[in-house]
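Heads up: the structure comes next, in structure tokens.
As the structure is a prediction and not an experimental result, all values here were calculated from the model. Numbers for residues simply follow the sequence, beginning at 1.
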Amino acid sequence: MRILISDDALALACGADAVAQAFAAAAPDAEIVRVSSWGMHWLEPLVEIDGKGYGPVMPVDVAAILAGKADDLSIGRIEDHPFIAAQTRLTFARAGKTRPLSLADYEATGGWKGLRAAQAMEPEQIVEAVTASGLRGRGGAGFPAGIKWKTVLEAAGGRKYIVCNADEGDSGTFADRMLMEGDPYVLIEGLAIAGLATGARKGFIYIRSEYPHAIAKMEAAVERSRAIIAPFDIEVRVGAGAYVCGEETSLLNSIEGKRGEVRAKPPLPAHKGLFGCPTVINNVLTLAAVPFVLAEGPEAYANYGMGRSRGTMPIQLAGNIRYGGLFETAFGVTLGELVDAIGGGTASGRPVRAAQVGGPLGAYFPPSLFDTAFDYEAFAARDGLIGHGGVVVFDDSVDMAAQAKFAMEFCAIESCGKCTPCRLGSTRGMETIERIIAGEDVAANIALVEDLCETMKSGSLCALGGFTPYPVLSALHHFPEDFR
């Protein structure tokens with residue numbers, strides 16, 4: 001008997017270790033294998049026995065499962081479950097199937113195929129392939145990865161760097177953590193390919209300290225794969241958890257041992273980045289998509305998606321939602337499909353009132369906008385952003401005025417303090433929303449908040465201050481009744 005149990009941080013938090021110990025005690029002859037997570041978080045701890053899934057499993061359920069008397073926990077063959085069967089898994093193709101640190105498992109499932117293809121190509125050809133795939137940054141404004149790589153390739157300089165932004169700080173996001181804990185070699189492969197494409201021989205993975213399991217997995221994976229990716233070298237750096245260090249120039253300062261503070265642009269990091277050298281900065285999901293592009297060809301990747309949004313997006317469903325977890329699909333699925341059909345509506349059973357997409361700086365969309373396609377341009381047209389692909393759901397008990405205040409308060413706490421619109425604007429914004437909630441001169445104060453948001457949008461040095469107006473204005477415009 002082969003028993004597969006995830007060692008993902010969420011599974012561990014739900015008691016996966018205790019379940020594994022219970023199976024070991026009850027079935028001493030069974031092979032217990034710790035694997036990555038499938039991403040069906042409402043079913044964790046999820047157990048797979050000879051292809052059949054059970055979840056959520058507690059230690060007291062083990063005897064019944066082994067005796068074949070746990071039909072209430074059985075979900076059948078996991079790959080046939082509607083939540084999994086409806087997905088298009090390119091980046092998370094190995095999720096739930098492989099041992100995270102097993103080089104044998106990685107190679108047996110197509111690992112290093114993209115790197116070997118890249119090693120047989122000229123740097124310009126690698127960049128052309130990434131450009132032709134349509135791959136865009138899986139965070140922020142979705143800047144095309146190929147253009148960034150081309151800029152660094154053509155930049156003058158004896159030293160160049162690849163930096164992976166794994167500072168996953170957005171609320172409701174966990175795809176970076178899942179990938180680093182469950183399939184670390186695909187990220188390493190993506191970094192090594194980026195090094196070949198740009199002439200960089202050194203890479204850094206910047207992970208926030210709140211991810212101890214991801215840090216341990218990445219450090220172990222880097223050590224085990226050094227010979228495979230040589231002469232490219234990778235170093236893991238741990239950040240202290242400042243949200244602003246998710247901004248690329250603050251991240252560079254942090255790696256250099258400086259205060260995590262935004263740099264003015266120009267110069268762009270592609271020209272003068274880490275230690276003053278040309279630097280590619282991509283996040284985890286962007287780099288993890290690269291091996292597929294090189295292994296299967298750019299057309300295979302570009303065939304998925306819509307418009308200028310090509311490929312797939314690992315969407316993270318969180319908040320007050322019945323079926324929370326990771327859902328990877330091609331761009332084009334609507335927000336309503338994600339929340340209602342795939343996510344199953346709210347966990348509370350109350351009506352959905354809003355969904356925030358793109359982390360704490362993302363806009364709040366009411367159900368009237370749930371026909372919006374999950375696409376960079378479609379969201380931008382409605383004053384929203386996809387960001388890192390997090391979707392946080394709220395039911396009709398949410399107070400949207402309090403959410404608007406929280407956005408300003410979050411910015412005030414996390415601001416690096418370098419620019420006035422972000423540093424002072426967020427504090428004044430929080431105070432003004434408090435006056436609105438208290439009923440003081442509501443119309444005038446709402447007008448003041450709207451004016452302040454325009455100043456923050458156009459005057460802030462980085463996206464922290466520049467994007468904070470998105471949740472505030474969307475709450476004001478779509479839920480005005482909460483501000484009266």
State, with a plain yes or no, whether a side-chain heavy atom of [X] is found less than 4.5 Å away from one of [Y].
{"X": "F410", "Y": "M408", "answer": "no"}
{"X": "D7", "Y": "K217", "answer": "yes"}
{"X": "V472", "Y": "V449", "answer": "yes"}
{"X": "I386", "Y": "F331", "answer": "yes"}
{"X": "L274", "Y": "E256", "answer": "yes"}

Can you tell me if [X] uses its side chain to pair, donor with acceptor, with the backbone of [Y] under 3.5 Å?
{"X": "D399", "Y": "A402", "value": "yes"}
{"X": "E189", "Y": "L115", "value": "yes"}
{"X": "Q87", "Y": "T329", "value": "no"}
{"X": "S415", "Y": "G417", "value": "yes"}
{"X": "E181", "Y": "A9", "value": "yes"}
{"X": "E328", "Y": "T91", "value": "yes"}
{"X": "N283", "Y": "R138", "value": "yes"}
{"X": "T131", "Y": "V127", "value": "yes"}
{"X": "K418", "Y": "L461", "value": "no"}
{"X": "S254", "Y": "S250", "value": "no"}

To check you understand the geometry: which heavy-atom pair defines the closest contact between [X] and [Y], and what is its length?
{"X": "R94", "Y": "G111", "answer": "NH2-N, 3.4 Å"}
{"X": "P471", "Y": "P360", "answer": "CG-O, 3.5 Å"}
{"X": "C422", "Y": "S460", "answer": "N-OG, 4.0 Å"}

Inter-residue atom distance [X].[atom1] - [Y].[atom2], 0.5 Å rounding:
{"X": "L196", "Y": "E122", "atom1": "CG", "atom2": "CD", "answer": "11.0 Å"}
{"X": "I255", "Y": "T279", "atom1": "CD1", "atom2": "OG1", "answer": "8.5 Å"}
{"X": "L476", "Y": "M400", "atom1": "CG", "atom2": "CE", "answer": "10.0 Å"}
{"X": "I228", "Y": "I188", "atom1": "CD1", "atom2": "CD1", "answer": "9.0 Å"}

Report yes if the distance between the aromatic ring centroids of F83 and Y323 is under 6.0 Å, otherwise no.
no
Run the ring-centre check on Y364 versus Y470 and record whether the distance is less than 6.0 Å.
no
Are [X] and [Y] ion-paired here, with the side-chain N under 4.0 Å from a carboxylate O?
{"X": "E296", "Y": "K113", "result": "yes"}
{"X": "E377", "Y": "R308", "result": "yes"}
{"X": "E450", "Y": "K457", "result": "no"}
{"X": "R353", "Y": "D482", "result": "yes"}
{"X": "R428", "Y": "E409", "result": "no"}
{"X": "D233", "Y": "R226", "result": "yes"}
{"X": "D176", "Y": "R208", "result": "no"}
{"X": "R423", "Y": "E261", "result": "no"}
{"X": "E434", "Y": "K405", "result": "yes"}
{"X": "D105", "Y": "K97", "result": "no"}

Y304, OH atom: more than 12 neighbouring heavy atoms under 6.0 Å:
no
Using 30° and 60° as the class boundaries, would you call the ring planes of F204 and Y161 parallel, tilted or perpendicular?
tilted
When you look at W112 and E107, which way does the side chain to side chain contact (heavy atoms under 4.5 Å, CB included) test go after all the steps?
CA-CA 7 Å; W112 312 119; E107 183 137 20; 4.1 Å; yes
Exactly one candidate in L252, L191, I205 meets side chain to side chain contact (heavy atoms under 4.5 Å, CB included) with V163; the answer is L252
From the options V392, V391, T173, select the one residue that forms a side chain to side chain contact (heavy atoms under 4.5 Å, CB included) with Q316.
T173
Quick one: is the NZ or CZ of R310 closer than 6.0 Å to the six-membered ring centre of Y301, and within 45° of its axis?
no
